[in-house]
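When reading the values below, keep in mind they use all heavy atoms of this one structure, side chains included, and skip hydrogens, waters and symmetry mates. Throughout, protein chains are lettered first and strands after them, A, B, ... in sequence-line order, and every chain is numbered starting at 1.
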Amino acid sequence: MVEKSLNKFFENFLQKEPLFINKKSLQSNYTPNHVPHRKEQIDQVAGILAPALRSEKPSNIFIYGKTGTGKSLTVTHVCKNLNQIAKKNKIPLKIIYLNCKLKRVADTEYRLVAQLVRELGLEVPSTGLPTEEIYKLFVEKVEEVNQLLVIILDEIDQLVRKIGDELLYNLTRLNAELKGSQISLIGISNDLLFTDQLDPRVKSSLSEEEILFPPYNAIQLQSILRQRSKLAFREGTLAEGVIEKCAAYAAREHGDARRALELLRVSGEIAERKNLPKISINHIDEAEEKIEKDRILDITITQPKQFKLALFSMLTVCEGSNHKIFTGEVYESYRDTCARCAVKPLTQRRLSDIIAEFDMLGIIQAKTISKGRYGRTREISLAIPLSLVPKIKNLLKESLNL
DNA sequence: CGAGATTCATGTGAAGTATACCTTTAGGCTTAA
DNA sequence: AAGCCTAAAGGTATACTTCACATGAATCTCGTA
């Protein structure tokens, strides 16, 4: 019985005209052949990197602009082309892209360099070696072939905020040790004021060239959406005004094109699931909710155990009280939670750091305040919709065996 | 009444510890000459 | 004697703990008007 209805469901699914022709073109890692409204920046990046084709070291580049202004896209687009030409003409050129905020991948100096070595095709242990040694391995591996190496460090601001700018200094200094090869760095930052916090030496060598990416305006966003949706959807799937609304939503958030595209894609998925032939304006609101929800759920389930416990405690305390909550309360609740699932609790010192990390992730907002006679603490409030709290708590409960 | 001292709860930095993993080295065993 | 394997020794990065000091405004204290 069940089998039969399931069969039918899949049959129907197959017969249905899909809304999407090519969903990939709306996903955030997609690189279109043509990048609109970024001609100037593309030319700049290309101009700076071009000497690589003559085996001269290109200047380091520092790129900044808000999220979704096409920074990564532009750079990968240029590099893709550069790589093709280099390959065709047998020019030794290697381009490595690294996202620095990935937890447990590139969030410390050791791990970042280790990751670089891995990209060059050499397995290295996750811990145990001196950082010096890792640098040495890296240099050796680079020197194996006389080549130019372009390293793209995305979201570099997050990394430096966490571990300082020494890493960048070391990287820029490596060129002095290299004989046949040379390294160029491309730093990408979402924080416009980031360079101010850098050591002047690092700053001057990292930003030999600087490129600013301004936000897209609503008109530009619309044209981007049109271009991509032509690839992604069957004709006539978009109701009147859908693109305009997506663009408007994204323009409201400092012209974030990534968000606009995501809105469109998720709207499409929602419509498809509902068996509707068209995407309507209402789906966009649903999509916005879903995106936010997915983002938060994704962050929560990928946290390490102690972080989950801490989050669970914060949610519990927040639920139970209507005022802003403080570190002390969270810690008490956290200890209870630990006791319930037989985990040895961390110290308050450590919890304090964990809370600060959640603040960075944007799950909560934490502000240190002084309550005068009653001490000093963090004032914590949730940065997620209240309606989501029970769902997250359940998820956490499950994964913690509570 | 107001200036300055006090106080509280926790932020925060530095140094120390536990753990998991790494390489090196020394000793013991086997093997081949 | 040379080669190979193994286990101990000695090293590192990372997550965490311990210790000690810093913070900063509400509250208290006490001198003065």
Side-chain angles (χ1 to χ4, degrees), chain A residues 98-141 158-171 174 197 199 299-300 302-314 316-318 320-321 323-339 341-361 363-381 399-400:
Chain A
L98 260 191
N99 190 323
C100 301
K101 77 164 180 199
L102 291 177
K103 212 162 183 168
R104 284 159 201 286
V105 174
D107 59 349
T108 68
E109 182 169 17
Y110 178 92
R111 294 214 260 242
L112 190 138
V113 181
Q115 192 58 33
L116 287 176
V117 176
R118 277 186 209 118
E119 295 278 343
L120 291 172
L122 184 68
E123 268 315 304
V124 286
S126 58
T127 172
L129 293 186
T131 310
E132 283 284 300
E133 190 66 22
I134 275 288
Y135 271 108
K136 220 173 87 196
L137 283 173
F138 177 61
V139 169
E140 268 169 31
K141 194 72 193 170
Q158 305 241 358
L159 183 65
V160 170
R161 202 163 299 146
K162 204 168 160 195
I163 62 165
D165 54 10
E166 203 176 315
L167 156 80
L168 291 177
Y169 179 69
N170 289 338
L171 279 178
L174 274 184
Q197 313 158 20
D199 183 312
I299 294 177
T300 35
T302 53
Q303 291 304 313
K305 189 163 77 184
Q306 290 291 359
F307 285 65
K308 284 183 181 168
L309 284 163
L311 181 60
F312 183 83
S313 313
M314 280 192 279
T316 311
V317 178
C318 263
S321 76
H323 64 87
K324 299 267 176 101
I325 61 171
F326 307 119
T327 309
E329 300 172 78
V330 175
Y331 188 63
E332 264 175 52
S333 164
Y334 163 79
R335 279 232 299 259
D336 288 351
T337 317
C338 282
C341 51
V343 173
K344 197 171 155 238
L346 301 177
T347 53
Q348 184 158 342
R349 175 72 185 81
R350 180 65 185 141
L351 191 77
S352 175
D353 284 347
I354 292 178
I355 291 174
E357 282 203 41
F358 274 118
D359 183 30
M360 291 248 271
L361 282 172
I363 297 284
I364 59 168
Q365 273 176 10
K367 183 166 78 171
T368 61
I369 54 155
S370 174
K371 290 188 290 169
R373 182 76 173 71
Y374 304 103
R376 210 167 112 85
T377 182
R378 277 206 179 87
E379 189 185 69
I380 302 164
S381 56
S399 74
L400 294 167

Chemist: Measuring from the side chain of A:T327 (C-beta onward, heavy atoms only), which nucleotide among C:dA15, C:dC28, B:dT10 has the closest atom?
Modeler: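 Ranking C:dA15, C:dC28, B:dT10 by closest atom to the A:T327 side chain puts B:dT10 first.
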
Chemist: Output the single nucleotide from C:dG24, B:dT10, C:dT14 whose closest atom is nearest the side chain of A:T377.
Modeler: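 Between C:dG24, B:dT10, C:dT14, the one nearest the side chain of A:T377 would be B:dT10.
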
Chemist: Heavy atoms from C-beta onward define the side chain here; which of B:dT12, B:dT10, C:dA13 lies closest to that of A:R378?
Modeler: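 Looking only at heavy atoms from C-beta outward on A:R378, the closest nucleotide is B:dT12.
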
Chemist: Taking the minimum atom-to-atom distance to the side chain of A:Y374, which one of C:dA25, C:dC16, C:dT27 wins?
Modeler: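 When the side chain of A:Y374 is considered, C:dT27 is the closest of C:dA25, C:dC16, C:dT27.
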
Chemist: Which nucleotide wins on minimum distance to the side chain of A:R349, given the candidates C:dG24, C:dA13, B:dG13?
Modeler: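 Closest of the options to the side chain of A:R349: B:dG13.
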
Chemist: Taking atom P of C:dA26 as reference, at what distance in whole Å does atom CZ of A:F326 sit?
Modeler: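 For the pair A:F326 CZ and C:dA26 P, the rounded distance is 13 Å.
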
Chemist: Could you check which of C:dG24, C:dA15, B:dT10 has an atom nearest any side-chain atom of A:R104?
Modeler: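 For A:R104, the side-chain atoms sit closest to C:dA15.
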
Chemist: Distance check needed: B:dT10 C1' versus A:E332 CD, whole Å only.
Modeler: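 Interatomic distance, CD of A:E332 to C1' of B:dT10: 14 Å.
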
Chemist: Let's go through A:Q197 and A:D165 carefully: what are the C-alpha distance in whole Å and the side-chain angles of both, what is the deciding distance for side chain to side chain contact (heavy atoms under 4.5 Å, CB included) to 0.1 Å, and is it a yes or a no?
Modeler: CA-CA 9 Å; A:Q197 313 158 20; A:D165 54 10; over 6 Å; no

Chemist: Rounding to a whole Å, what distance do you find between A:K162:NZ and C:dT14:P?
Modeler: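 A:K162 atom NZ is separated from C:dT14 atom P by 10 Å.
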
Chemist: Extract all donor-acceptor atom pairs below 3.5 Å that involve side chains of residues 120-140 of chain A and protein atoms in other chains or at least two apart in sequence.
Modeler:
residue : atom : partner : partner atom : Å
A:Y135  : OH   : A:E109  : OE2          : 2.7

Chemist: Among B:dC22, B:dG11, C:dT17, find the nucleotide with the atom closest to the side chain of A:L129.
Modeler: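 Looking only at side-chain atoms, A:L129 lies closest to B:dC22.
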
Chemist: Would you check if A:L346 and A:L351 make a side-chain contact, meaning some heavy-atom pair closer than 4.5 Å?
Modeler: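 Result no, sub-4.5 Å side-chain heavy-atom pair not found.
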
Chemist: Does C:dA26 have OP1 or OP2 under 4.0 Å away from a side-chain N or O of A:S370?
Modeler: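 Result: no.
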
Chemist: Does the side chain of A:T347 get closer than 4.0 angstrom to OP1 or OP2 of C:dT17 through an N or O atom?
Modeler: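 A:T347 to C:dT17 OP1/OP2: side-chain N or O found under 4.0 Å.
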
Chemist: Determine whether the side chains of A:R118 and A:Q115 contain a donor N or O and an acceptor N or O closer than 3.5 Å.
Modeler: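 Indeed, the side chains of A:R118 and A:Q115 share at least one donor-acceptor pair under 3.5 Å.
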
Chemist: Between A:L137 (CG) and B:dC22 (C1'), how many Å, whole number?
Modeler: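 The distance from CG of A:L137 to C1' of B:dC22 comes to 12 Å, rounded to the nearest Å.
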
Chemist: In whole angstrom, what separates A:Q348's CD from B:dG11's C1'?
Modeler: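 Nearest whole value for this atom pair: 10 Å.
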
Chemist: Side chain of A:T108: nearest nucleotide among B:dT12, B:dC22, C:dT14?
Modeler: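 When the side chain of A:T108 is considered, C:dT14 is the closest of B:dT12, B:dC22, C:dT14.
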
Chemist: Nearest whole angstrom, please: distance from the P of C:dA26 to the CD1 of A:I369.
Modeler: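 After rounding, the reported distance stands at 10 Å.
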
Chemist: Does any donor-acceptor pair link the side chain of A:R373 with the base of C:dG24 at a separation under 3.5 Å?
Modeler: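 No.
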
Chemist: Which residue, A:I355, A:I299, A:I363, A:I354, forms the side chain to side chain contact (heavy atoms under 4.5 Å, CB included) with A:L311?
Modeler: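 Testing each of A:I355, A:I299, A:I363, A:I354 against A:L311, the sole residue satisfying side chain to side chain contact (heavy atoms under 4.5 Å, CB included) is A:I363.
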
Chemist: Base, sugar-phosphate alone, or nothing: which one does A:P345 contact when heavy atoms must sit under 4.0 Å apart?
Modeler: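 A:P345: backbone/sugar contact only, no base atoms under 4.0 Å.
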
Chemist: May I have the distance from A:K136 (atom NZ) to C:dG11 (atom P), rounded to whole angstrom?
Modeler: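 Taking atom P of C:dG11 as the reference, NZ of A:K136 is at 16 Å.
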
Chemist: When you get a sec, tell me which of C:dT18, B:dA20, B:dT10 is the closest nucleotide to the side chain of A:R376?
Modeler: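 Of all the options, the side chain of A:R376 is nearest to B:dT10.
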
Chemist: Rounding to a whole Å, what distance do you find between A:L112:CG and C:dA13:P?
Modeler: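 Atom CG in A:L112 sits about 15 Å away from atom P in C:dA13.
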
Chemist: Can you see whether A:T316 engages A:S333 through a side-chain donor-acceptor pair at a distance of less than 3.5 angstrom?
Modeler: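 No, no side-chain donor-acceptor contact under 3.5 Å.
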
Chemist: Name the nucleic acid region contacted by A:T127, choosing base, sugar-phosphate or nothing; use a 4.0 angstrom heavy-atom cut-off, strictly under.
Modeler: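 Base, at least one base atom sits under 4.0 Å.
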
